[in-house]
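Below is one structure, written out as structure tokens; the observations come after it.
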Amino acid sequence: MDMVFDINSLVRENVRKLVPYMSARRLGGNGDIWLNANEYPFAPDFQLTENTLNRYPECQPKQVIQRYAKYAGLQPEQVLVSRGADESIELLLRIFCEPGRDAILFCPPTYGMYSVSAEIFGVEQRKIPVNANWQPDIAAIENNLDRVKLIYICSPNNPTGNLVDPTALQQLLELSRNRAIVAIDEAYIEFCPQQNTTRWLQDYPHLVILRTLSKAFALAGLRCGFTLASPDIISLMLKVIAPYPLPTPVADIAAQALTETGIRTMRARVEENTKNRLYLQQELNKLALVETVFPSETNYLLVKFIDKEKVFKSLWDKGIILRDQSKQPGLENCLRITVGSRTECEQLINAINALSNRPQQIKEI
């Protein structure tokens with residue numbers, strides 16, 4: 001019996017070389033205060049009402065689609081529901097990009113899944129770094145559109161927290177007309193709703209908008225996302241999506257979250273989160289170890305520290321888990337901090353404050 005068979009000899013080369021996306025949960029840590037995944041700090045209270053678990057679910061549950069369409073001010077045929085917005089990122093790649101021939105384009109530092117998904121499908125990546133104001137470099141993008149079929153833009157951008165200037169978004173949409181899809185990832189749009197781009201769908205048939213219930217709707221554990229696009233693009237996505245992408249319990253709770261009451265609750269949550277963000281911003285700015293607190297339109301803050309390593313590690317050891325972003329281009333010494341509850345914000349500030357006040361410890365001989 002041959003015991004030396006190496007399974008890697010059968011694996012696609014790009015998967016062999018792949019560094020997987022390190023989600024907050026994969027990175028682990030033993031914490032009481034989780035400020036690394038941009039989640040809401042408290043669990044919402046929902047009860048299951050559907051008990052038809054012996055039946056396969058609808059591919060696109062009507063109630064969920066209708067309620068999200070109403071919430072977004074669109075028609076149901078412009079909406080697709082999927083396993084988080086992450087599934088949508090992959091569906092677009094599968095539909096529009098021929099591996100080995102086409103490319104995607106995105107602007108680092110940004111969300112890591114655009115790159116990982118392209119890597120998995122063997123699709124070339126054009127990484128066009130943002131300019132000094134963290135805005136897309138339109139001239140550089142224009143010079144790199146050859147063979148690009150899909151452009152991902154995250155606005156507000158994760159991890160920097162800033163909105164992409166609407167003028168830049170429109171320039172991008174004009175540049176890519178008739179040649180590429182522009183997918184605007186609006187995972188955090190509920191924190192700055194006046195900046196949403198749904199009104200542009202009627203003018204730009206190549207625009208796709210990605211949404212989620214993970215952030216402001218406080219349902220990260222539900223894995224429920226939405227794609228807003230022209231009926232033509234939605235039809236294509238329905239061709240390639242899994243036959244039953246949304247489990248019955250997920251559809252059940254998503255439909256409840258999208259009632260008028262559910263939407264009101266979400267808006268109250270956003271208001272409370274914004275107050276906590278302003279408090280956290282002010283308090284961080286007073287700390288000796290903090291170099292810069294970047295402006296944010298989201299439920300997290302990107303913060304540049306004087307001794308990032310010490311802050312990250314000391315807090316990690318105390319069970320306060322942050323997200324290290326210092327490996328991303330242009331984000332040296334930066335940590336991303338989710339805005340938690342007021343109590344969590346206070347505990348975080350006290351913990352960082354204690355580090356700068358601590359005298360040098362004398363090593364025992």
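Count residues from 1 along the sequence. Only heavy atoms go into these numbers, but all of them, side chains included; no hydrogens, no water, no symmetry mates. Fair warning: this is a prediction, and the values are worked out from it, not measured in the lab.
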Next on the checklist: Measuring only between side-chain heavy atoms, which start at C-beta, is Tyr40 closer than 4.5 Å to Met266?
Outcome noted: no
Is any side-chain heavy atom of Lys149 less than 4.5 Å from a side-chain heavy atom of Ile181?
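No, too far: nothing below the 4.5 Å cut-off.
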Among all residues two or more places apart in sequence or in another chain, which pass the salt bridge (charged side-chain N to carboxylate O under 4.0 Å, His left out) test with [X]?
{"X": "Arg83", "result": "Glu87"}
{"X": "Lys313", "result": "Asp317"}
{"X": "Glu98", "result": "Arg101"}
{"X": "Arg147", "result": "Glu124"}

List the atom of Gly122, the atom of Asn14, and the distance in Å for their closest heavy-atom pair.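 So the two residues come closest at N-ND2, 3.4 Å.
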Using every non-hydrogen atom in the two residues, find where Arg177 and Asp203 come nearest and quote the distance to one decimal.
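Closest heavy-atom pair between Arg177 and Asp203: NH1-O, 3.4 Å.
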Of all pairs that satisfy ring-ring contact (aromatic ring centres under 6.0 Å, His included), the ones with a partner from [range], not counting sequence neighbours:
{"range": "residues 220-246", "result": "Tyr56-Tyr244, Tyr68-Phe226"}
{"range": "residues 174-198", "result": "Tyr188-Tyr300"}
{"range": "residues 317-344", "result": "none"}

Whether [X] side chain and [Y] backbone form a donor-acceptor pair below 3.5 Å:
{"X": "Asn196", "Y": "Pro193", "answer": "yes"}
{"X": "Arg336", "Y": "Arg323", "answer": "no"}
{"X": "Glu190", "Y": "Val270", "answer": "no"}
{"X": "Thr338", "Y": "Leu35", "answer": "yes"}
{"X": "Asn133", "Y": "Gln135", "answer": "no"}

Among residues at least two apart in sequence or on other chains, which ones pass side-chain contact (heavy atoms from CB on, under 4.5 Å) with Thr52?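 By the side-chain contact (heavy atoms from CB on, under 4.5 Å) rule, Thr52 matches Glu50, Asn54, Thr248.
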Using atom types as modelled, flag every donor-acceptor pair under 3.5 Å from a side chain in residues 103-115 to any protein atom, sequence neighbours excluded.
from, atom 1, to, atom 2, distance (Å)
Thr110, OG1, Asn157, OD1, 2.7
Tyr111, OH, Asp86, OD1, 2.7
Tyr111, OH, Asp86, OD2, 3.3
Tyr114, OH, Asp185, OD2, 2.7
Ser115, OG, Gln125, OE1, 2.7

Honestly curious: do Ile306 and Leu280 fall in one hydrophobic cluster under the side-chain, below-4.5 Å linking rule?
->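 No, Ile306 does not connect to Leu280 through the hydrophobic network.
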- [ ] Report whether Leu219 and Leu48 are members of the same hydrophobic cluster (ILVMFWY, side-chain heavy atoms less than 4.5 Å apart, transitive linking).
- [x]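 Same cluster: Leu219 reaches Leu48 through Ile, Leu, Val, Met, Phe, Trp or Tyr contacts under 4.5 Å.
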Near Arg55 CZ, under 6.0 Å, is it more than 12 heavy atoms from other residues, nucleotides or ligands?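 No - once you tally the heavy atoms of other residues, nucleotides and ligands closer than 6.0 Å, there are 12 at most.
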| request: Report yes or no: do Ser230 and Asp232 form a side-chain donor-acceptor pair below 3.5 Å? | output: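 No, because no side-chain N or O of Ser230 sits under 3.5 Å from a partner of the opposite role on Asp232.
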Members sharing Leu331's hydrophobic cluster, built from side-chain contacts under 4.5 Å between Ile, Leu, Val, Met, Phe, Trp and Tyr, are Val130, Trp134, Phe294, Leu302
message = Strictly by salt bridge (Lys or Arg N to Asp or Glu O under 4.0 Å), give each pair with a member in residues 151-161 just once, sequence neighbours left out.
response =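 Every pair satisfying salt bridge (Lys or Arg N to Asp or Glu O under 4.0 Å) with a residue in residues 151-161: there are none.
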Residue pairs meeting salt bridge (Lys or Arg N to Asp or Glu O under 4.0 Å), one or both in residues 242-267, sequence neighbours left out, come to Lys70-Glu260
d(Leu210 CG, Ser82 OG) to nearest 0.5 Å is 8.5 Å
Point-to-point distance, once rounded to the nearest 0.5 Å, from CD of Gln256 to CD of Gln63: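 Going from the CD atom of Gln256 to the CD atom of Gln63 covers 9.0 Å.
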| query | What do the steps show when you test Tyr279 against Cys345 for side-chain contact (heavy atoms from CB on, under 4.5 Å), and what is the final call? | reply | CA-CA 8 Å; Tyr279 163 79; Cys345 292; 3.9 Å; yes
Salt-bridge present (Glu272, Lys275; N to O < 4.0 Å): no
